[in-house]
Amino acid sequence: MKKFTLTNTVQSKEDQEKQLNLKKAGEIPEHIAIIMDGNGRWAKSKGSIRLHGHKVGVDSVRDITESCAQLGVKYLTLYAFSTENWGRPSAEVRGLMRLLVSSLRKEAENLHKNDIKMVTIGQMEKFPKDCQKELQEAIDLTKDNTRLQLCLALSYSGRWDITEAVKKIAEHVKEGRLDPALINDQMIAEHLSTADVPDPDLIIRTSGEYRISNFLLWQLAYSELYITKQFWPDFRRDELYEAIESYQSRDRRFGKINNGEDEKGLSTRLLKNKKK
Ligand code: FPP
């Protein structure tokens, strides 16, 4: 198998074993979405400036992307910059943009070599021109890759996504090409920025906040939620494995009853995500 070198390190035997055990234990989520939170508080706890937290956060992005690819996760969506983040002090916003540009410059080739496709959702046009250029180059370079799709949500919000979908559907109605009675869940999903991607199986939020913060509002309807106290810069592969273990212990019913329940509602089968 191809050697994976996104972090420029050789994978340890111990880590290979952990991944193997995780794969044996149950289903690996096909799509993981992450609200990367706590960079600022992490930096503060180290007596450092917020931007330092974002910089170390990029190391977490690299480690999580690499371990997801190794585990066979097919889609990883990261909330990197929300529409609300524009309201932060301009020095921090500028710092984040610079970090994005320098990270893309450093990592795009590496993503490509490792068969990872990078895409974005959100209002990329709001970003500075140099940022847009770097993003577009990484998107173009990696467009045919198939191992893992890494999606960066940039100037993204769930409400923006739904609003845009509604506008597009309303246009079809206005042009007389669509009967409003035919609008359904599937049609709305097909007009979202994530149209070609399955809904997240697992949503992870770091830093202990119990909020969705305007992330993939429509798409998270039946996602399993995992919240950890760890700040994003401390969230590395071992923490990801814990999140997946938790996912494997869930019984996903999608609003229905458990297929294995008897008439008294007693479970007659093992948890769905857990292998027998
Ligand atoms: C949340 O922490 C984090 C962000 C708003 C930005 C996330 C960005 C990165 C990890 C770096 C760039 C990303 C890529 C993909 C290259 P916070 O600042 O809200 O922390 P706080 O809640 O403790 O203040």
Side-chain angles (χ1 to χ4, degrees), residues 6-7 32-69 75-112 114 116-124 126-128 130-139 141-142 148-158 203-215 227-237 239-240:
L6 204 60
T7 52
I32 299 180
I34 308 184
I35 302 177
M36 308 181 288
D37 194 17
N39 294 352
R41 276 164 286 167
W42 180 90
K44 196 173 171 197
S45 75
K46 308 270 174 211
S48 191
I49 57 163
R50 295 177 59 82
L51 198 59
H52 180 56
H54 296 316
K55 279 187 184 153
V56 181
V58 174
D59 297 336
S60 294
V61 169
R62 200 180 297 110
D63 195 45
I64 296 306
T65 305
E66 176 176 292
S67 42
C68 279
Y75 303 91
L76 174 64
T77 302
L78 303 178
Y79 206 9
F81 196 87
S82 71
T83 49
E84 289 76 19
N85 287 154
W86 290 112
R88 293 192 173 201
S90 57
E92 182 175 351
V93 172
R94 273 200 309 276
L96 273 168
M97 299 295 147
R98 274 200 300 270
L99 186 59
L100 188 60
V101 170
S102 64
S103 305
L104 287 165
R105 259 186 212 143
K106 250 195 282 171
E107 307 295 345
E109 192 60 45
N110 228 353
L111 290 174
H112 185 45
N114 286 283
I116 296 170
K117 175 177 177 174
M118 198 196 88
V119 299
T120 63
I121 50 173
Q123 300 158 290
M124 214 166 83
K126 286 205 164 178
F127 277 66
D130 61 333
C131 231
Q132 287 187 39
K133 181 173 165 280
E134 220 57 59
L135 284 164
Q136 197 53 55
E137 280 177 14
I139 292 167
L141 178 71
T142 62
L148 165 74
Q149 176 165 304
L150 169 66
C151 174
L152 302 182
L154 293 167
S155 193
Y156 176 87
S157 78
I203 159 92
I204 298 172
R205 179 168 190 146
T206 59
S207 95
E209 308 284 0
Y210 286 75
R211 283 194 291 277
I212 294 299
S213 295
N214 212 351
F215 197 23
I227 291 167
T228 170
K229 279 208 163 68
Q230 254 117 8
F231 295 138
W232 177 248
D234 285 331
F235 190 88
R236 300 293 164 94
R237 60 182 65 208
E239 286 71 37
L240 174 73

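Note: hydrogens, waters and symmetry copies are ignored here, and every other heavy atom, side chains too, is used. Just follow the structure's listing: the first ligand is 1, and inside any ligand the first atom is 1.
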Provide, to 0.1 Å, the distance between [atom] and the closest protein heavy atom, together with that atom's residue and name.
atom                    : result
atom 14 (C) of ligand 1 : Leu100 CD1, 4.1 Å
atom 19 (O) of ligand 1 : Arg88 NH2, 2.7 Å
atom 12 (C) of ligand 1 : Val58 CG2, 4.0 Å
atom 3 (C) of ligand 1  : Met36 O, 3.2 Å
atom 20 (O) of ligand 1 : Gly40 N, 2.9 Å
atom 10 (C) of ligand 1 : Asn39 ND2, 3.6 Å

With heavy-atom distances below 4.5 Å as the criterion, would you say the side chains of [X] and [Y] are in contact?
X      : Y      : value
Leu100 : Glu134 : no
Leu76  : Ile34  : yes
Ser82  : Asn214 : no
Asn110 : Glu107 : yes

Query raised in the report: Is there any N or O on Tyr79 that sits under 3.5 Å from an N or O of ligand 1?
Result: no
**Report entry** Residue list, side chain to side chain contact (heavy atoms under 4.5 Å, CB included) with Cys151, at least two apart or on another chain
**Finding:** Thr77, Val119, Ile121
Query raised in the report: Hey, is Arg50 touching ligand 1 through its side chain, its backbone, both or neither, going by heavy atoms under 4.0 Å?
Result: side chain
Requested in this report: Examine the proximity of ligand 1 to Glu107 and report which part, side chain or backbone, both or neither, has a heavy atom under 4.0 Å away.
Outcome: neither
Requested in this report: For Phe81, enumerate each residue passing the ring-ring contact (aromatic ring centres under 6.0 Å, His included) test, keeping only those at least two apart in sequence or located in another chain.
Outcome: Trp86, Phe127
Query raised in the report: Going by the angle between their ring planes, with limits at 30° and 60°, are His52 and Trp42 parallel, tilted or perpendicular?
Result: tilted
Requested in this report: Dump the intermediate steps for salt bridge (charged side-chain N to carboxylate O under 4.0 Å, His left out) on Lys133 and Glu137, then the final yes or no.
Outcome: CA-CA 6 Å; Lys133 181 173 165 280; Glu137 280 177 14; 3.3 Å; yes
Query raised in the report: Strictly under 4.0 Å, does any heavy atom of Leu78 approach an atom of ligand 1?
Result: no
Query raised in the report: Ala80: heavy atom below 4.0 Å from ligand 1, yes or no?
Result: yes
Those atoms of ligand 1 less than 4.0 Å from some heavy atom in [X]:
X      : result
Arg41  : 21 (P), 22 (O), 23 (O)
Leu152 : 15 (C)
Asn85  : 5 (C)

**Report entry** Point-to-point distance, once rounded to the nearest 0.5 Å, from CZ of Arg41 to CD of Glu209
**Finding:** 4.5 Å
